[in-house]
Every structure is written in structure tokens, then in C-alpha cells.
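Structure record follows, encoded as C-alpha cells.
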Amino acid sequence: MLELTDIHYKPATSGRTILEGVSLTAQQGSPLLISGESGSGKTSLLEIISGMVAAQSGTINWKGSTLNQRQRRWLCGVVFQFPERHFLGLSVGQELKLGHRRLSGDDQIEALSQVGLHGVDSRQAPERLSGGQQRRLALAVQLLRKPEVLLLDEPTAGLDWSVRGEVLDLLFNLSRQRVLIVVTHEPELFLSWNSEQRQLRDGHLLPLSP
């Protein structure tokens, strides 16, 4: 179980505190959605959970133990909005291998199969994949790190309606084996998950209206 308690955060570039007393609990098998207006701190919250930035105060516990930033970076995998813009590999295979000293062909096949990309030619360039396939590749890259917490920022943004349903089904299935937290400005797309949902307003997490 992941627990955030009384998180306060003020970016160095901002004149105001954007997260004030945020607390939440997330657990495996129960995906958590966070929705809110632009600038309300949704992405910053993911950055804090993942250890990319430090909050001014508050604690983050995993299975009852408080984690520092370094420990959270090992614990979490993050896929930010439009991850395909940040691909560095010249091929699908190269993208999967980034950050790994050794990665077997079997490991690559397993990761691609897990996200529904079985049979994709690992020699082709990532930019030649469709939008939905690129989003799946970004997930595969993170899954190879074997994160226990998966954080997703606007995973349906920019996708055609024809593939959104497939991506939502994939994400829900991934949540069965790990903690999944999704930031979205389209919470209505996720209602079929019957998941716990929170709205971020003025730096505070509130229940979403049914």
C-alpha cells in the first residue's frame, strides 16, 4: 500500500504553494484517478511520488515504511503525457534497451506482449508506430524496470477514440499486479473501472461527484 500524508509543495519557480495537505492511499488492484484543473498540481504530485522532486513537508510510505526520494525512484515507473515525443532509440528494440546493461530478446518479447505489441518488428523506428502503439511502447519501457507503482499522466491524451478503449483495458489489467495512479482531465473515460476517484482542487484532494 502506498500512503501519502500531509504533502505540501511549492515549486521554486512559483510564488504560491500548489499542494497543501494532500493525503491519499493507493493499493494494488484498485487504480486511483486524480482529476483537476490545469495548474492544480496533478503532475507535480506524480513527480513527488516518483522521487523526481521533493515536497517541503509530508511523508510517503510504502508498506508501512517511509521512503526517501532515491527509494521512490526505484519503486515507481512514470509515463508522462505524450511520452512518444521523448523516445531516444532509433528502433523499438533500442528504446527498450535504454538504461539496461543486458536485455535479452526474450525479455523484450515479454514486455511487448504484456502491452499488446506482440509481433511488432523491434527494428522499426518508434515514430512509425501508431499513436496507440507508441503509448504501449512507453508502458513497455517502464514495465521492464519492474515498478511496483505505475504513475501515468494523461494516458489517453491525443489518442483516437478507436484506440482509447484498448488502452484503458490495458491499464486496468496492469493495475492488477501493481499500484496504479492516473492523472486525467477526462475522468469520465475511466468510469467503467469503478475505481476510487479524487479531484484535485486548490491543492487538496476531494471526492469526485458521481
Side-chain angles (χ1 to χ4, degrees), residues 1-2 26-32 43 46-47 49-52 62-63 67-184 189-190 193 195:
M1 180 184 294
L2 181 72
Q27 55 190 343
Q28 178 180 324
S30 299
L32 177 67
T43 298
L46 296 190
E47 293 175 341
I49 295 172
S50 65
M52 292 183 177
W62 174 249
K63 296 181 179 179
L67 301 183
N68 58 33
Q69 278 186 262
R70 180 182 175 85
Q71 291 169 321
R72 299 201 301 275
R73 286 195 289 269
W74 283 106
L75 179 73
C76 300
V78 189
V79 179
F80 286 111
Q81 188 175 5
F82 301 119
E84 57 273 14
R85 296 177 179 174
H86 307 288
F87 287 148
L88 298 175
L90 298 178
S91 67
V92 169
Q94 285 187 7
E95 190 66 30
L96 293 171
K97 291 178 181 178
L98 290 174
H100 299 275
R101 292 183 179 179
R102 295 180 180 177
L103 187 66
S104 69
D106 288 342
D107 288 336
Q108 293 183 51
I109 292 173
E110 181 181 355
L112 292 173
S113 297
Q114 195 172 1
V115 299
L117 288 179
H118 180 70
V120 167
D121 186 352
S122 62
R123 297 169 297 180
Q124 69 175 307
E127 59 265 23
R128 297 195 64 181
L129 300 175
S130 68
Q133 288 176 322
Q134 290 176 338
R135 206 64 53 91
R136 290 170 185 264
L137 175 59
L139 284 169
V141 169
Q142 291 303 313
L143 292 178
L144 282 168
R145 299 180 58 247
K146 302 187 185 305
E148 295 191 74
V149 177
L150 189 58
L151 309 171
L152 306 176
D153 190 2
E154 304 287 1
T156 58
L159 295 181
D160 293 338
W161 284 99
S162 59
V163 299
R164 283 185 176 184
E166 296 178 1
V167 171
L168 291 174
D169 288 344
L170 167 62
L171 298 181
F172 186 76
N173 288 332
L174 291 177
S175 75
R176 301 179 190 276
Q177 293 89 35
R178 57 189 55 80
V179 170
L180 181 70
I181 299 177
V182 177
V183 159
T184 179
L189 297 179
F190 298 81
W193 283 9
S195 57

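Scope of the values below: all heavy atoms of this structure, side chains included, with no hydrogens, waters or symmetry mates.
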Show the nearest heavy-atom pair for residues [X] and [Y], with the distance to one decimal.
X: Gly77; Y: Pro147; result: N-CB, 3.4 Å
X: Val163; Y: Gly132; result: CG2-CA, 4.4 Å
X: Leu67; Y: Arg72; result: O-NH1, 3.1 Å
X: Arg136; Y: Val167; result: NH2-N, 4.2 Å
X: Pro126; Y: Val92; result: CD-N, 4.1 Å
X: Phe190; Y: Thr156; result: CZ-CG2, 4.1 Å

Is the backbone N or O of [Y] less than 3.5 Å from a side-chain atom of [X], with the two atoms forming a donor-acceptor pair by type?
X: Gln142; Y: Val78; answer: yes
X: Gln71; Y: Asn68; answer: yes
X: Gln81; Y: Ala157; answer: no
X: Arg123; Y: Gly93; answer: no
X: Asp107; Y: Leu103; answer: no
X: Glu95; Y: Leu88; answer: yes
X: Ser50; Y: Glu47; answer: yes

Side-chain contact test, heavy atoms from C-beta onward, threshold under 4.5 Å: evaluate it for [X] versus [Y] and give yes or no.
X: Gln27; Y: Leu2; answer: no
X: Val182; Y: Pro31; answer: no
X: Leu137; Y: Val115; answer: no
X: Ile181; Y: Leu152; answer: no
X: Trp161; Y: Leu189; answer: yes

Measuring from [X]:[atom1] to [Y]:[atom2], what's the distance to the nearest 0.5 Å?
X: Gln94; Y: Gln108; atom1: CD; atom2: CD; result: 10.0 Å
X: Arg128; Y: Asp121; atom1: CZ; atom2: CG; result: 9.5 Å
X: Arg73; Y: Ile49; atom1: CZ; atom2: CD1; result: 15.0 Å
X: Leu159; Y: Glu166; atom1: CG; atom2: CD; result: 10.0 Å
X: Phe80; Y: Asp153; atom1: CZ; atom2: CG; result: 6.5 Å
X: Ser175; Y: Leu32; atom1: OG; atom2: CG; result: 11.0 Å

The side chain to side chain contact (heavy atoms under 4.5 Å, CB included) partner of Leu139 among Leu117, Leu150, Leu144 is Leu150

Step by step, work out the side chain to side chain contact (heavy atoms under 4.5 Å, CB included) result for His118 and Leu112. CA-CA 5 Å; His118 180 70; Leu112 292 173; 5.9 Å; no

Phe172/Leu180 under side chain to side chain contact (heavy atoms under 4.5 Å, CB included): CA gap, chis, key distance, verdict: CA-CA 9 Å; Phe172 186 76; Leu180 181 70; over 6 Å; no

Note: Arg135-Glu154 ion pair, threshold 4.0 Å (strictly below): no

Check this for me: His86, atom NE2, are more than 12 non-hydrogen atoms of other residues, nucleotides or ligands nearer than 6.0 Å? yes

Steps toward side chain to side chain contact (heavy atoms under 4.5 Å, CB included) verdict (Asp106, Glu110): CA-CA 6 Å; Asp106 288 342; Glu110 181 181 355; over 6 Å; no

Where do Glu148 and Lys63 land on the salt bridge (Lys or Arg N to Asp or Glu O under 4.0 Å) test, with the steps shown first? CA-CA 11 Å; Glu148 295 191 74; Lys63 296 181 179 179; 3.5 Å; yes

As a quick check of understanding, evaluate side chain to side chain contact (heavy atoms under 4.5 Å, CB included) for His100 and Val141, giving each step before the final call. CA-CA 10 Å; His100 299 275; Val141 169; over 6 Å; no

